[in-house]
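One structure below.
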Number of protein chains: 2
Amino acid sequence: MTSTHQNVSAPPPAERKAYTPLTAAIDVEACFSLLEGRWKLVILFHLFGGKVLRFSDLEKCITGISQKMLAQQLRRLEADGIVERTVHSQVPPRVDYRMTPWGQQLCPALDSLLKWAELREQYSIQ
Amino acid sequence: MTSTHQNVSAPPPAERKAYTPLTAAIDVEACFSLLEGRWKLVILFHLFGGKVLRFSDLEKCITGISQKMLAQQLRRLEADGIVERTVHSQVPPRVDYRMTPWGQQLCPALDSLLKWAELREQYSIQ
DNA sequence: CAGTATCCTTAAAGATACTG
DNA sequence: CAGTATCTTTAAGGATACTG
């Protein structure tokens, strides 16, 4: 045991990348472009927490989405490593979707955006 | 003093809003729409940390931006309460921009997105 | 200096129909 | 069930010129 009170198996030094205004903006924009499709966020919030849903489940719980858009957004989320797609070879076909481990980590990041939005009221009390 | 070990001047209970997948998605999308203009993020990252810049300063430090786009994005950021605009009545005109207190709070939220992006490598080591 | 005003281009999304 | 394929609409952004 070390002499500190810290967790013995503390994570590595957590060296952060260095950013300029430009590179920070570029990297945040990259995140946005991963997430900003018309239906991506609803899809993600339905999958957060380890949920596994079929194409038809998503179709049912997201009102207003078309098959074209659902498929398109899922393809992009999959290509970007945020969502995982599993095809079960059977008839009729069964395909389901879940978050990747990295995708799941999005949750706290989006939550801090929500916290920021909630903060607005406190600053707008005139 | 209370019988707990908590900080005496602890912040209010911090009751969080309750979200469904749909409302969470809507609220995050609202954040995105505040931030997703073509040049907004570069502008913000140049203003973070209390910096105060003139229109022409921003024009100089953001390569490629046109006056039209700079003015447009600034107008929206101002209308959304993220940036503050001050007009000094003098000739030639002098206008400067800074973050609002609420806008400044964006910094940690965007930082957690950057952290998420940095995480990607750790998960993609195959 | 700090902007507007116009015109043009182009991607994203919607509607709809079809299929292994 | 789980998708594609087409066609059309629309809004964001770029280029360029002008102004109090």
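Labels below follow one simple rule: chain letters A, B, ... track the order of the sequence lines, proteins then strands, and each chain is numbered from 1. Any value given below was found using the heavy atoms of this structure, including those in side chains, with hydrogens, waters and symmetry copies removed. All values derive from a computational prediction rather than experimental measurement.
Atom CG of A:L35 is separated from atom CZ of A:R76 by 13.0 Å, given to the nearest 0.5 angstrom. Within the model, atoms CG of B:L53 and CG of B:L58 stand 5.0 Å from one another, a figure rounded to the nearest 0.5 Å. For the atom pair CG (B:D27) and CG (A:L110), the distance works out to 11.5 Å, reported to the nearest 0.5 Å. To the nearest 0.5 Å, atom CD of residue A:E36 and atom CZ of residue A:F32 are 8.0 Å apart. How far OH of B:Y97 is from OG1 of B:T86: 9.0 Å, rounded to the nearest 0.5 Å.
A donor-acceptor pair shorter than 3.5 Å can be found between the side chains of B:H88 and B:D96.
A straight line from CD of B:Q67 to P of D:dG20 spans 15 Å, rounded to a whole angstrom. In this structure, the CD1 atom of A:I43 is 11 Å from the P atom of C:dA13, given to the nearest Å. The distance between atom CD1 of A:I65 and atom P of D:dG3, rounded to the nearest whole Å, is 12 Å. Between B:R75 atom CZ and C:dA5 atom P there is a gap of 11 Å when expressed in whole angstrom units. In this entry the distance linking CG of A:L74 with P of D:dG3 reads 8 Å, nearest Å. Taking atom CD1 of A:I62 as the reference point, atom C1' of D:dG3 lies 16 Å away to the nearest angstrom. Atom-to-atom, CD of A:E59 to P of D:dA2 comes out at 8 Å; the value is rounded to the nearest Å.
Applying the side chain to side chain contact (heavy atoms under 4.5 Å, CB included) criterion to B:Q104, with sequence neighbours excluded, gives B:F48, B:M99, B:C107. Remark: A:V91 engages no residue in a side chain to side chain contact (heavy atoms under 4.5 Å, CB included) (not counting sequence neighbours).
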Kindly determine whether B:I43 and B:I62 satisfy side-chain contact (heavy atoms from CB on, under 4.5 Å), including the steps that lead there. CA-CA 8 Å; B:I43 296 172; B:I62 302 175; 3.7 Å; yes

Using side-chain contact (heavy atoms from CB on, under 4.5 Å), reason through B:D57 and B:V52 one step at a time and then give a plain yes or no. CA-CA 9 Å; B:D57 293 331; B:V52 178; over 6 Å; no

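Looking at A:W116, its side chain does come within 3.5 Å of a backbone N or O of B:W102 through a donor-acceptor pair. A donor-acceptor distance shorter than 3.5 angstrom exists from the side chain of A:S124 to the backbone of A:R120, with no hydrogens or angles considered.
Where pairing requires Watson-Crick or G-U contacts shorter than 3.5 Å, the helical stems of DNA chain C with at least three consecutive pairs are C:1-20 with D:1-20.
At a non-hydrogen distance threshold of 4.0 Å, A:R85, A:P92, A:P93, A:R94, A:V95 from residues 77-96 of chain A come into contact with DNA chain D. Interface residues of residues 49-56 of chain B facing DNA chain C, ordered by number: B:R54, B:F55, B:S56; criterion, heavy-atom separation under 4.0 Å.
Residues B:D111 and B:K115 are paired through a salt bridge, judged by an N-O separation under 4.0 Å between the basic side chain and the carboxylate.
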Pull out every protein N or O sitting under 3.5 Å from an N or O of nucleotides 8-15 of chain D, one pair per line with the distance.
| unit_1 | atom_1 | unit_2 | atom_2 | d |
| --- | --- | --- | --- | --- |
| D:dG13 | OP1 | B:R38 | N | 2.6 |
| D:dG14 | OP1 | B:R38 | NE | 3.2 |
| D:dG14 | OP2 | B:W39 | NE1 | 3.0 |
| D:dG14 | N7 | B:K68 | NZ | 3.0 |
| D:dG14 | O6 | B:K68 | NZ | 2.5 |

